[in-house]
Amino acid sequence: MFQKVLETKTVVAGFTNRWGGVSESPYDTLNLALHVGDKREDVLENRRLLAKELGVDQENFVWMNQVHSDKIASVAQSGESLGTDGLITVQPGLALMVLVADCIPILFYDPRQKVIAVAHAGREGSFLNIAGKMILKLQKEYNSNTQDIQVFLGPSIQKDCYRIDQNTIQRFEKRWSKKYIYNETNLDLPLLNQDQLLKVGVKKENIFVSKTCNHCDQNYFSYRRAENNQTGRFAGIVLLKYVSTN
Ligand SMILES: [Zn+2]
């Protein structure tokens with residue numbers, strides 16, 4: 001259901017896998033996305049089960065209608081944020097959600113400023129440097145010190161599996177570097193995102209990168225692995241807890 005990568009007094013962060021839900025094949029079982037052709041009531045039940053597992057009210061989830069951009073929205077209430085690929089909040093009680101099935105779900109936490117964020121870094125988001133832009137926004141608008149920020153890259157398609165066309169290879173080589181091209185045909189998105197974070201001052205020891213390839217590991221949904229690309233989405237989640245002050 002949900003694997004934690006961090007839990008402190010103020011925050012919980014982690015990633016779901018595909019088990020513990022009620023959806024049927026090819027969305028079996030914990031599909032959290034409404035837009036992929038799964039039954040609406042099953043997705044809503046999955047979201048309810050996840051909220052229960054996390055010990056929160058599902059009314060506190062904040063979802064994105066992701067569009068492969070570098071747009072980042074600051075939110076203060078739950079619901080769905082349209083046309084964005086990044087979310088930031090300082091509102092206790094909210095759980096920020098990023099949905100993926102091959103793209104990288106990225107979670108951010110600044111323990112000093114008590115600000116949390118998520119980003120959806122697929123091919124386009126990574127090309128546009130959404131991870132680096134998130135850090136700059138946290139610095140500029142939330143007074144974050146980049147040295148404080150912790151970042152978690154979740155299960156995603158790894159370089160051995162991520163074959164792309166030659167036009168895209170050239171685009172990435174030109175904008176970024178040959179360093180991110182693997183075997184001349186594949187792209188290493190986790191490495192690129194890691195470098196984008198380091199470049200804006202995130203400390204290496206504060207960057208956690210999952211080695212899990214969701215394309216190889218059947219415990220995760222994979223858009224590329226699925227027949228006719230029909231599959232569910234798993235989630236990266238950061239939750240800012242209510243902290244009692246007395
Ligand atoms: Zn793989």
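Whatever order the structure lists them in is the order used to number ligands and atoms, beginning at 1.
A salt bridge links Glu7 to Lys241: at least one charged side-chain nitrogen sits closer than 4.0 Å to a carboxylate oxygen.
Between atom CZ of residue Phe61 and atom CG of residue Leu50 there is a gap of 4.0 Å, rounded to the nearest 0.5 Å.
For the pair Asn206 (side chain) and Gln147 (backbone), a donor-acceptor distance under 3.5 Å is present.
Less than 2.8 Å away from the Zn ion (ligand 1), the protein contributes these N/O/S atoms: Cys161 SG, Cys213 SG, Cys216 SG.
A donor and an acceptor atom, one from each side chain of Asn214 and Ser156, are nowhere located under 3.5 Å apart.
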Take Ile88 and Glu141 through the side-chain contact (heavy atoms from CB on, under 4.5 Å) test and state the conclusion after the steps.
CA-CA 10 Å; Ile88 307 177; Glu141 295 175 25; 5.8 Å; no

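Under the side-chain contact (heavy atoms from CB on, under 4.5 Å) rule, Phe108 has a single partner from Leu96, Val115, Ile135, which is Ile135.
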